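This one's a predicted model, so the numbers in the text were calculated from it and none came from an experiment.
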Amino acid sequence: MTVKNLMVGIVSSIAIFTLAACGTDNKETSPVEETTASENVHTDHSDMNHSSSGEVPEDLKEAGNPAYKIGSQAILEADHMKGMKGAKATIVGAYDTTAYIVSYTPLTGGNTVNDHKWVIQEEIKEASNETLKPGTKVTLEADHMEGMKGAAAEIESAEKTTVYMVDYMPTTGGDEVKNHKWVTESELSPIK
């Protein structure tokens with residue numbers, strides 16, 4: 001890791017914590033509601049690292065022939081957080097892996113986070129080359145949200161796919177989100 005990457009990471013972290021602290025009383029930046037097919041689940045993404053340093057696990061393989069090439073643009077169909085769905089995204093990384101929906105209890109305390117999208121194979125401590133089955137208990141190495149890294153989790157579902165790291169401007173306004181991890185190929189659509 002270079003000093004420049006380290007500095008970018010530190011500055012990004014400070015900016016995220018500052019923005020999170022500024023928006024805690026605003027109703028429009030309240031927790032995001034996610035809905036699953038089986039139940040309504042309210043998941044608070046206010047502590048999610050919307051932007052990241054862009055670092056990926058060393059053993060993560062770049063996609064050989066992704067549907068969306070690095071540098072191209074697409075429309076986000078994912079609604080993991082406010083301002084995401086419908087936003088124009090620039091593809092900054094494409095990787096072939098297995099993406100998981102997981103439920104976990106943050107190490108920082110609080111309620112269980114249900115059906116979090118997405119954690120990839122390379123971000124799970126116990127993962128090998130085999131796809132993990134629903135119900136498998138694992139330890140998360142991902143740090144997308146505060147209290148996630150090191151947390152015990154349960155695999156809800158798995159999908160072999162290409163995952164993308166993207167930059168986008170939220171449709172709700174605000175700063176550009178850089179190096180967001182992860183969206184799957186099915187959560188992107190071509191720009192018409």
Side-chain angles (χ1 to χ4, degrees), residues 32-45 47-70 72 74-81 84-85 89 91-108 110-168 177 179-190:
V32 173
E33 292 183 10
E34 288 186 358
T35 304
T36 64
S38 61
E39 63 181 328
N40 288 335
V41 178
H42 301 283
T43 303
D44 183 351
H45 281 93
D47 56 355
M48 185 166 185
N49 295 336
H50 304 295
S51 293
S52 78
S53 66
E55 288 185 43
V56 298
E58 286 181 20
D59 52 345
L60 184 58
K61 294 178 185 164
E62 286 190 19
N65 190 24
Y68 298 93
K69 307 286 186 214
I70 294 173
S72 68
I75 300 297
L76 289 170
E77 299 298 335
D79 60 353
H80 304 169
M81 63 202 78
M84 189 176 215
K85 188 171 177 72
I91 308 301
V92 294
Y95 307 92
D96 288 331
T97 188
T98 301
Y100 294 94
I101 297 175
V102 298
S103 294
Y104 71 96
T105 302
L107 293 178
T108 51
N111 296 329
T112 298
V113 176
N114 293 306
D115 301 319
H116 174 81
K117 294 180 180 177
W118 300 93
V119 174
I120 59 172
Q121 185 94 5
E122 295 77 8
E123 295 175 321
I124 296 174
K125 190 172 189 177
E126 297 82 1
S128 62
N129 292 329
E130 299 296 317
T131 300
L132 299 166
K133 305 250 185 267
T136 303
K137 307 290 189 208
V138 297
T139 305
L140 300 178
E141 291 294 317
D143 62 353
H144 308 166
M145 297 177 72
E146 190 177 329
M148 180 180 250
K149 187 168 185 166
E154 183 174 332
I155 303 295
E156 301 295 343
S157 68
E159 177 182 340
K160 280 194 177 283
T161 186
T162 300
V163 294
Y164 295 88
M165 184 164 35
V166 297
D167 292 347
Y168 70 95
V177 175
N179 302 313
H180 175 76
K181 299 172 190 168
W182 304 102
V183 293
T184 61
E185 200 161 290
S186 64
E187 293 177 318
L188 295 168
S189 64

Between [atom1] on residue [X] and [atom2] on residue [Y], distance to nearest 0.5 Å:
X      : Y      : atom1 : atom2 : result
Lys69  : Ile91  : NZ    : CD1   : 11.5 Å
Lys117 : Asp79  : NZ    : CG    : 7.0 Å
Glu154 : Asn114 : CD    : CG    : 10.0 Å
Trp182 : Thr162 : CH2   : OG1   : 11.5 Å
Met148 : His116 : CE    : NE2   : 3.5 Å
Leu60  : Glu122 : CG    : CD    : 4.5 Å

Verdict with reasoning, Ser103 to Val113, per side chain to side chain contact (heavy atoms under 4.5 Å, CB included): CA-CA 5 Å; Ser103 294; Val113 176; over 6 Å; no
Lys181 side chain vs Glu55 backbone, donor-acceptor pair below 3.5 Å: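 Such a contact is found between Lys181 side chain and Glu55 backbone.
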Side-chain (Ser128) to main-chain (Glu130) donor-acceptor, under 3.5 angstrom: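 Pair found, side chain donor or acceptor close to backbone of Glu130.
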No-hydrogen, no-angle side-chain donor-acceptor test under 3.5 Å, Thr161 and Glu185: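 Thr161 vs Glu185: no donor-acceptor pair found between side chains.
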Flag if over 12 foreign heavy atoms under 6.0 Å of CG, Asp59: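 Enclosed.
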Residues Thr97, Gln121; criterion side-chain hydrogen bond (donor to acceptor under 3.5 Å, both in side chains); working and verdict: CA-CA 6 Å; Thr97 188; Gln121 185 94 5; 5.6 Å; no
